[in-house]
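Below is one structure, written out as structure tokens, with a few remarks after it.
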Amino acid sequence: MAQDHSSAFVRTQEIPPAPPPPGETGAVHWIKTNLISSVPNAIATAVGIYVIYWLLSGLVPWIVNGTWVTNNIRECREVLAGSGGGCFSVLTERYAQMLFGFEYPSEFYWRPSLAFALLFFAVPPALFPMYLPRGMLIATGLYPFVAFWLIWGGTILTPIGALAGVLVGYYAFTKLDKYGFAAALGGGIVGAWVVWQAFGMIAGGMPGFLALEAVLSRNMGGFMLNMILGVVCVSLSIPLGIVLALGRQSSMPLIKIVCVVFIEFVRGVPLITLLFVANVVLAYFFPPDSNIDLILRVIIMITMFSAAYIAEVIRGGLAALPTGQYEAADSLGLNYAQAMRLIILPQALKISIPGIVNVAVGLFKDTTLVSVISMFDLVGMIRGPILSSTDWAGVYWETWAFACILFFVVCFGISKYSQWLEGQLRTDRH
Amino acid sequence: MTDTAVNTSQMQISDEVAISIQNMNKWYGTFHVLRDIDLTVQRGERIVICGPSGSGKSTLIRCINALEEHQQGSISVDGTLLSSDLKNIDKIRSEVGMCFQHFNLFPHLTILENCTLAPIWVRKTPKKEAEEIAMYFLEKVKIPDQANKYPGQLSGGQQQRVAIARSLCMRPRIMLFDEPTSALDPEMIKEVLDTMIQLAEEGMTMLCVTHEMGFARQVANRVIFMDAGQIVEQNAPEPFFTNPQNERTQLFLSQILGH
């Protein structure tokens, strides 16, 4: 190629990619850059290693030398004989009480266990809709009724009636939708109520029809109670939170005021106060002869509480959307409901995922507060019947560690799921 | 499909009135943003609205599909009077397409879903048919191969063309453009303008707020100059650019054409 002597430059060959110089990759490089890159870093690494050693040197003997087979704390102490092991036999001896409470009939433990197992079929269609066929959502829809029947027992007519009421209400809602939202909602509620009343009478007349033996709410306890409250309240408070958040943005002053007052009031009151209200005061608001279930009252209170928080989280998500999204939806002729459902909420909820998960995890842990209104959830069981029994008085570490592990597994699972979901919904990557 | 297809030969304007605005006034609080606007647009007319920023030109076209509310006067689109009646507003919005400066595509939906959403939910078009219509218009704006990507993966020019296709999928009789090229890099302006010129050649009634004077010369029947909330001057492009009458128009044109 002819050389000319002007200052212009034209590249004629691409430079091929070259491997990095030695020492820029690999394990040695990683240790150098991350653990001992400077003197303070090296000191921090040494301190960190010592702390890990110190923790493990306490924890490992506690677990390895522990005993799992004794019948009470005195036998436990004899067996351990000062070896520093843990007295895990409290778990093997009392695990059923920790999981189901001390009054749930032991011959029916299979019922809540089955309900728990079915949860793993009911929840995935809702959590992983991108991988599972839409039809499987039927399992999700049926689950609350099946789980109720399994855990509480009674005639199968009760959950069937509840389901029929929901279906009739939904059908009425869709049929009346053309007459406006208020008419549809009213019609749906009336339809559902009529069916519930009818089935209530039928079920009252035939209490033995395909019945599982009934278990009363006051006999529910243990981690099962935490799971019931957690699952029910999370799944109810998210839709209620969405409604409240939209209501707070409404251009109709009355709706807006109702939502603002509700949110501000509920957020301004400690949950434990609401639980005492549920336990004692709420009865005054119901008709004198109605005997509203204590668990139901607690569910109402916890749901209200977390819905108010979720509403504020979602309001943040709504505020983060550019007004252009609302305008684009309007300019295409979408009505309010369509714009919200198809354009605004999918984006606002995506932004709100970390906040909603924060509230959901907090809610799940807060279900342990029911122990202060004499319900025997996991914490109530450990604090009450187990630690105050003569057999196991003083076995703190083992019981509370068990409670921590149960809660941690669930909360960590929720947290991991939300991180995965955020990745799935990310659409700005090439 | 064929009813919107090319009829470039018929460039003449019909006598039918597409938009009629009479004595329209609008305030933001106490600020009088639009003053005594009178404007009649014939079907097939292509109007370019220009003017300094804050002159109310965007507000004017946003009033036409009720993104902004006007307080006095009347606006009717295809004979439908724009009032607070939601039915009329929905009817007008489904007849009038709009493109925004910042595209306003729906980032959580693919390009194809962006285009089929309104036909499916507003027009109740079956999904398969809506997708065919969407692909037809995506081909028209020359990006059918991006149909399954998300808006965030496209360049600005491509996004704006998708936004045009999305509006066209609703088969609007009138298109509003609110500074469609102002947020674009220079090399992308042309591809969007080409799409708009093509649309104009097919006889679409168009109102464009834009500073692209080359575009105005090429396709507009009429150029409107607005300042301080009023229509200051309107004329066919040739006399408008070569012989502006009002001194504010002269100043404006000397500023944007001067460099």
Side-chain angles (χ1 to χ4, degrees), chain A residues 129-130 134 174 177-184 242 250-253 255 314 317-354 356 418 420-430, chain B residues 58 61-62 64-69 86-111 113-124 148-155 162-163 166-172 174-178 183:
Chain A
M130 50 292 272
R134 278 180 74 88
T174 52
D177 198 27
K178 54 177 173 284
Y179 301 112
F181 180 75
I242 292 173
S250 170
S251 55
M252 285 180 255
I255 292 178
I314 293 174
L318 289 170
L321 286 192
T323 50
Q325 292 292 308
Y326 293 86
E327 289 175 355
D330 282 348
S331 74
L332 287 170
L334 297 171
N335 63 31
Y336 176 80
Q338 289 168 338
M340 287 300 141
R341 194 163 81 74
L342 301 167
I343 308 298
I344 305 303
L345 282 177
Q347 298 183 62
L349 290 178
K350 181 178 129 186
I351 301 172
S352 314
I353 288 173
I356 293 176
S418 80
W420 173 85
L421 185 64
E422 278 180 64
Q424 284 289 307
L425 296 177
R426 189 168 293 148
T427 57
D428 53 357
R429 287 274 173 87
H430 287 255
Chain B
S58 286
I61 68 165
R62 287 158 60 86
I64 294 171
N65 66 351
L67 286 183
E68 305 274 359
E69 226 178 321
L86 287 176
K87 278 217 178 79
N88 281 359
I89 291 182
D90 284 343
K91 182 162 185 289
I92 287 173
R93 280 176 179 164
S94 62
E95 296 291 325
V96 178
M98 180 148 190
C99 287
F100 300 88
Q101 182 178 359
H102 296 288
F103 333 132
N104 297 352
L105 293 178
F106 305 130
H108 62 303
L109 300 176
T110 63
I111 300 307
E113 288 165 341
N114 263 280
C115 294
T116 56
L117 184 103
I120 289 175
W121 290 91
V122 179
R123 292 253 193 265
K124 313 290 179 202
N148 291 314
K149 288 193 179 170
Y150 286 94
Q153 299 168 310
L154 268 54
S155 73
V162 171
R166 177 176 73 175
S167 297
L168 293 178
C169 285
M170 284 294 279
R171 305 299 183 79
I174 299 164
M175 283 289 291
L176 308 174
F177 292 87
D178 188 0

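Below, read A as the first sequence line, B as the second, and so on, with proteins coming before strands; counting in each chain starts at 1.
Between the side chain of Asn65(B) and the backbone N or O of Ser331(A), no donor-acceptor pair lies under 3.5 Å.
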* Asked: Should Leu117(B) and Leu334(A) be marked as a side chain to side chain contact (heavy atoms under 4.5 Å, CB included) after you check the CA-CA gap, both sets of side-chain angles, and the distance that decides it?
  -> CA-CA 9 Å; Leu117(B) 184 103; Leu334(A) 297 171; 3.6 Å; yes
* **side chain to side chain contact (heavy atoms under 4.5 Å, CB included) evaluation trace for Met98(B) with Glu327(A)** => CA-CA 10 Å; Met98(B) 180 148 190; Glu327(A) 289 175 355; over 6 Å; no
* For Val122(B) and Leu332(A), what are the C-alpha separation, side-chain angles and deciding distance, and is it a side chain to side chain contact (heavy atoms under 4.5 Å, CB included)? -> CA-CA 8 Å; Val122(B) 179; Leu332(A) 287 170; 5.8 Å; no
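The side chain to side chain donor-acceptor pair (under 3.5 Å) search around His102(B) returns none, not counting sequence neighbours. By the side chain to side chain contact (heavy atoms under 4.5 Å, CB included) test, Ile242(A) is found to be paired with Ile238(A), Leu246(A), Ile314(A), Leu345(A), Leu349(A), residues two or more places apart in sequence or in another chain being considered.
Atom OG1 of Thr323(A) and atom CG of Leu67(B) lie 10.0 Å apart (nearest 0.5 Å). In this structure, CD1 on Ile344(A) lies 8.0 Å from NE2 on His108(B), to the nearest 0.5 angstrom.
Around atom NZ of Lys124(B), more than 12 heavy atoms belonging to other residues, nucleotides or ligands sit under 6.0 Å away. The environment of Gln424(A) atom CD is dense: over 12 non-hydrogen atoms of other residues, nucleotides or ligands sit within 6.0 angstrom.
Residue contact with chain B, scored on non-hydrogen atoms closer than 4.5 Å, involves the backbone and the side chain of Gln325(A) alike. Looking at Arg166(B), both its backbone and its side chain come within 4.5 Å of chain A, counting heavy atoms on both sides. Only the side chain of Phe100(B) comes within less than 4.5 Å of a heavy atom of chain A; its backbone N, CA, C and O stay farther away. Of the atoms belonging to Leu105(B), it is backbone heavy atoms, and not side-chain ones, that fall under 4.5 Å from chain A.
Contact detail for Phe106(B) and Ala328(A): the closest heavy-atom pair is CE2-CB, 3.8 Å. Heavy atoms only, all atoms of each residue included: Pro107(B) and Gln347(A) are closest at CG-OE1, 3.2 Å.
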